[in-house]
Amino acid sequence: MVLPREVLPREALAAPALEAARALVGALLVREPDRIGRIVEVEAYIGTADRASHARFGRTARNAVMFGPPGVAYVYLVYGMYDCLNVVVEPDGRPAAILVRALEPLAGLEAMRDARRRHAAARRRRPGGDPGAVPDERLASGPGALAAAFDIDRAMTGLDLLDPRSPVRLERPAGVGERPAVMATARGGIDYAPEPWRSLPWRFVDPGSPSLSGPPLPGSVGRPR
DNA sequence: GCAAAGATTTGCT
DNA sequence: GCAAATCTTTGCC
């Protein structure tokens with residue numbers, strides 16, 4: 001991208017999870033050598049009491065990194081098919097993670113399209129559709145699609161996303177940048193969780209983005225995204 | 001050791 | 001709007 005960038009400061013992610021989540025909206029996800037996306041949708045999963053969080057069973061082999069220091073990647077496989085990228089937040093010892101649900105593609109769109117096609121072909125079950133045919137702005141809309149477009153998988157769990165040498169990094173435009181307006185809504189895909197967890201407004205989006213996943217925002221016009 | 005369910009996506013009815 | 005695809009993680013016997 002044209003503008004100068006800098007790695008996100010770790011303090012922004014050591015903050016309480018809801019603050020860290022807001023700070024991630026508008027940040028950049030960089031995938032070496034050529035892919036960049038602007039984060040426009042995230043969800044927070046906080047503590048062992050959150051009945052929607054993987055940390056609700058306490059510390060296990062899978063979620064161990066959630067209990068570690070902030071800025072580290074936690075990638076898990078969902079429904080046996082899709083990898084999902086989380087950013088560990090809050091200080092060491094407190095289990096919290098932010099699920100990165102959607103990006104606005106900024107650079108490397110062809111690489112994203114190729115990666116989507118490659119991952120779809122690997123799951124050679126269903127004939128028909130071509131995931132590489134989605135419009136540019138939807139190449140990384142949804143956590144599974146995002147991980148596919150950026151070639152992110154479970155082997156990257158534990159990777160420091162704030163290390164300038166990491167192949168996947170969190171950055172931001174350098175200098176004094178205006179941050180986007182952020183809207184809070186309920187999290188999705190957690191019908192298994194009881195109230196109040198199911199309805200907590202722990203999903204944060206840039207409401208102006210054409211790259212959001214899921215149903216239309218409350219109050220938005222019924223135009224398709 | 002086995003059964004159940006899941007932080008999703010896609011295509012078809 | 002609904003259901004299938006797919007396999008790891010977790011819980012319970």
Side-chain angles (χ1 to χ4, degrees), chain A residues 17-18 20-21 24-25 29 39-67 72-90 95-103 112-113 115-135 137-158 184-205 211-216 222 224-225:
Chain A
L18 298 183
L24 281 170
V25 177
L29 186 71
I39 297 175
V40 295
E41 177 180 347
V42 301
E43 283 176 359
Y45 293 85
I46 312 172
T48 53
D50 180 357
R51 304 313 284 164
S53 172
H54 287 176
R56 66 187 182 279
F57 304 115
R59 186 180 187 130
T60 67
R62 178 176 67 162
N63 67 23
V65 298
M66 286 183 70
F67 291 73
V72 166
Y74 167 47
V75 186
Y76 67 90
L77 182 71
V78 71
Y79 295 109
M81 278 172 286
Y82 303 102
D83 288 291
C84 297
L85 171 68
N86 292 255
V87 180
V88 175
V89 298
E90 297 205 348
I98 308 300
L99 172 66
V100 185
R101 293 190 57 91
L103 305 174
M112 296 182 200
R113 206 176 289 284
R116 288 287 303 271
R117 286 205 173 95
R118 183 153 24 80
H119 282 260
R123 322 211 168 280
R124 67 246 182 241
R125 274 302 182 278
R126 301 240 263 242
D130 178 9
V134 298
E137 69 275 12
R138 305 200 57 85
L139 280 168
S141 297
L146 181 160
F150 276 62
D151 283 308
I152 290 168
D153 63 76
R154 283 166 293 163
M156 290 178 176
T157 290
T185 76
R187 296 175 291 182
I190 55 167
D191 287 349
Y192 58 87
E195 296 291 358
W197 314 107
R198 186 198 306 227
S199 302
L200 292 174
W202 287 1
R203 170 177 176 249
F204 300 93
V205 304
S211 302
L212 301 181
S213 73
R225 293 204 293 272

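Every chain is numbered from 1 and lettered A, B, ... according to where its sequence line falls, protein lines coming before strand lines. Side chains are part of it too, since the values below use all heavy atoms of this structure and drop only hydrogens, waters and symmetry mates.
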For [X] and [N], what is the distance between atoms [atom1] and [atom2] respectively, to the nearest whole Å?
X: A:Met66; N: C:dT9; atom1: CE; atom2: P; result: 15 Å
X: A:Asp83; N: C:dT9; atom1: CG; atom2: C1'; result: 14 Å
X: A:Arg62; N: C:dT8; atom1: CZ; atom2: C1'; result: 8 Å
X: A:Tyr82; N: B:dA5; atom1: OH; atom2: P; result: 21 Å
X: A:Leu77; N: C:dA5; atom1: CG; atom2: P; result: 17 Å
X: A:Arg116; N: B:dT9; atom1: CZ; atom2: P; result: 8 Å
X: A:Asp153; N: C:dC7; atom1: CG; atom2: P; result: 15 Å
X: A:Tyr192; N: C:dT9; atom1: OH; atom2: P; result: 16 Å

Is [X] touching bases, backbone alone, or none of the nucleic acid, heavy atoms closer than 4.0 Å?
X: A:Leu99; result: base
X: A:Arg154; result: sugar-phosphate
X: A:Arg187; result: nothing
X: A:Ala97; result: nothing

Quiz prompt | Most 5' of A:Ala193 and A:Leu146 on DNA chain B, judged by nearest nucleotide | solution =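 Mapping each residue to its closest nucleotide by heavy atoms, the 5'-most match is A:Ala193.
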Practice problem: Apply the side chain to side chain contact (heavy atoms under 4.5 Å, CB included) test between A:Tyr74 and each candidate in A:Ile98, A:Val88, A:Leu99; give the one that qualifies. | Solution: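 Only one of A:Ile98, A:Val88, A:Leu99 forms a side chain to side chain contact (heavy atoms under 4.5 Å, CB included) with A:Tyr74, namely A:Val88.
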Any donor and acceptor pair, going by atom type alone, linking the side chain of [X] with main-chain N or O of [Y] inside 3.5 Å?
X: A:Asp50; Y: A:Gly47; answer: no
X: A:Arg138; Y: A:Pro135; answer: no
X: A:Thr157; Y: A:Val75; answer: yes

Quiz item: What nucleotide among B:dT10, B:dA7, C:dA5 has an atom nearest to a side-chain atom of A:Met81?
Solution: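 Comparing B:dT10, B:dA7, C:dA5 against the side chain of A:Met81, the answer is C:dA5.
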Quiz item: When you check the gap from the basic side-chain N to the acidic O, do A:Arg154 and A:Asp83 get nearer than 4.0 Å?
Solution: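 Between A:Asp83 and A:Arg154 there is a salt bridge, with a charged N closer than 4.0 Å to a carboxylate O.
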Quiz item: Does A:Tyr79 stack onto the base of B:dT8, taking stacking as ring centres under 5.5 Å apart and planes under 30° apart?
Solution: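 A:Tyr79 ring centre within cut-off of B:dT8 base, planes near parallel; stacks.
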Quiz item: B:dA7 base stacked by A:Tyr76? Criteria: ring centres under 5.5 Å, plane angle under 30°.
Solution: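 No, A:Tyr76 does not stack on the base of B:dA7, since the centre distance and plane angle fail the 5.5 Å and 30° test.
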Self-check item: B:dA7 to C:dG1 separation - P atoms, rounded to the nearest Å
Solution: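 Comparing P positions in B:dA7 and C:dG1 gives a spacing of 23 Å.
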Quiz item: Are the ring centres of A:His54 and A:Tyr45 closer than 6.0 Å?
Solution: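 For A:His54 and A:Tyr45, the ring centres are not under 6.0 Å apart.
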Practice problem: State whether A:Arg203 places a side-chain N or O below 4.0 Å from either non-bridging phosphate oxygen (OP1 or OP2) of B:dA7. | Solution: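 A:Arg203 to B:dA7 OP1/OP2: no side-chain N or O under 4.0 Å.
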Quiz item: Under 4.0 Å between a side-chain N/O of A:Thr60 and OP1 or OP2 of C:dT10, yes or no?
Solution: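 Yes.
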Practice problem: Give none if B:dA7 has no partner; otherwise give the nucleotide forming a Watson-Crick or G-U wobble pair with it, both distances under 3.5 Å. | Solution: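 The base-pairing partner of B:dA7, which may sit in any strand shown, does not exist here.
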Quiz prompt | First of A:Asn63 and A:Val78 reached from the 5' end of DNA chain C, by closest nucleotide | solution =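 Here A:Val78 is the residue nearer the 5' end.
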